[in-house]
Amino acid sequence: MNPSEHIDQLIEKLGDWRGEMLASLRKTFLEADKEIVEEWKWMGSPVWERDGIIAVGNAHKEKVKLTFSHGASLPDPDKLFNNGFGGKVWRAIDVHEGDKVDKDALKKLIRAAVEFNQAKKLAKKATPRTRAKTAKGEAE
């Protein structure tokens, strides 16, 4: 099974408001950026990636949790994050039954995460070249 099929199966298996919410959140991720890729990791977690992990989705007994890998570094003017403030890296959105998620605000947050991943990737690529140029300049 490919990752998207695993996610389909999880949503169907949940069969309650959590499955509906996970399906809605998934749709929002895929609409936010057409190059986002779905993965299936950590023994059963939907993961959305583009140039690195954006977020992990998990259905718990009383909530659906979206954990953004670098949430602490992302702007959140709409105050979607409601968990994980004690950490230095990740932030989460806990959605409980009956909660409404602002899809436009979530799309902005997803796009900010993609931009963060892309900037991080560019910085990694630039670092070895910068070191090589510095070493070359010092050797001459």
Side-chain angles (χ1 to χ4, degrees):
M1 242 189 295
N2 69 41
S4 294
E5 291 169 336
H6 279 289
I7 297 169
D8 290 340
Q9 190 176 55
L10 172 64
I11 289 167
E12 186 177 320
K13 181 181 171 186
L14 288 168
D16 60 10
W17 73 269
R18 296 170 304 154
E20 291 172 13
M21 180 57 70
L22 193 55
S24 175
L25 295 170
R26 174 194 202 185
K27 183 179 178 188
T28 303
F29 270 87
L30 298 176
E31 287 175 352
D33 186 313
K34 299 298 179 197
E35 293 185 44
I36 287 176
V37 175
E38 293 185 308
E39 295 293 341
W40 185 254
K41 297 185 178 189
W42 304 296
M43 300 190 51
S45 295
V47 178
W48 294 277
E49 298 185 352
R50 175 152 183 224
D51 296 314
I53 294 174
I54 298 167
V56 179
N58 293 103
H60 298 273
K61 185 176 179 180
E62 296 183 8
K63 65 185 172 189
V64 173
K65 179 184 270 310
L66 276 182
T67 304
F68 281 73
S69 295
H70 299 285
S73 299
L74 302 178
D76 183 23
D78 298 297
K79 309 228 183 288
L80 293 177
F81 291 130
N82 58 13
N83 197 337
F85 297 110
K88 294 182 180 180
V89 181
W90 65 272
R91 293 285 181 272
I93 302 169
D94 289 350
V95 184
H96 296 88
E97 188 171 9
D99 287 353
K100 301 260 189 259
V101 177
D102 182 336
K103 291 180 183 182
D104 290 331
L106 181 56
K107 284 179 184 179
K108 284 192 284 186
L109 190 59
I110 292 164
R111 291 178 186 126
V114 169
E115 289 174 15
F116 177 87
N117 285 351
Q118 290 173 334
K120 190 173 162 188
K121 189 175 178 181
L122 283 174
K124 272 188 178 180
K125 283 184 179 181
T127 303
R129 268 187 266 156
T130 304
R131 285 188 199 143
K133 285 181 183 177
T134 304
K136 184 179 177 183
E138 290 172 0
E140 291 178 3

If only atom types and distance count, is the side chain of [X] paired as donor or acceptor with the main-chain N or O of [Y] below 3.5 Å?
X: D51; Y: N117; value: no
X: D76; Y: F81; value: yes
X: R111; Y: A32; value: yes
X: R91; Y: A72; value: no

### Task
Let me see the working for E97 and M21 under side-chain contact (heavy atoms from CB on, under 4.5 Å), right down to the final yes or no.
CA-CA 9 Å; E97 188 171 9; M21 180 57 70; over 6 Å; no
Side chains of [X] and [Y]: closer than 4.5 Å at any heavy-atom pair?
X: I53; Y: K41; result: yes
X: K120; Y: H70; result: yes
X: W40; Y: V47; result: no

Side-chain donor-acceptor contacts of residues 5-14 below 3.5 Å, not counting sequence neighbours, with atom names and distances?
from: E5; atom 1: OE1; to: N2; atom 2: N; distance (Å): 2.9
from: D8; atom 1: OD1; to: R26; atom 2: NH1; distance (Å): 2.5
from: D8; atom 1: OD1; to: R26; atom 2: NH2; distance (Å): 3.2

### Query
Using 30° and 60° as the class limits, which term best fits the ring planes of W48 and F29: parallel, tilted or perpendicular?
parallel
#### Entry: side-chain contact (heavy atoms from CB on, under 4.5 Å) assessment of F116 paired with I54
CA-CA 9 Å; F116 177 87; I54 298 167; over 6 Å; no
### Query
Could you give the distance from NZ (K65) to CG (N58), rounded to the nearest 0.5 Å?
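It comes to 8.5 Å.
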### Query
About how many Å separate CD1 of I93 and CG of L66, when rounded to the nearest 0.5 Å?
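If we round to the nearest 0.5 Å, L66:CG and I93:CD1 are 5.5 Å apart.
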### Message
Is it the case that over 12 heavy atoms from other parts of the model lie below 6.0 angstrom from the NZ atom of K27?
### Response
no
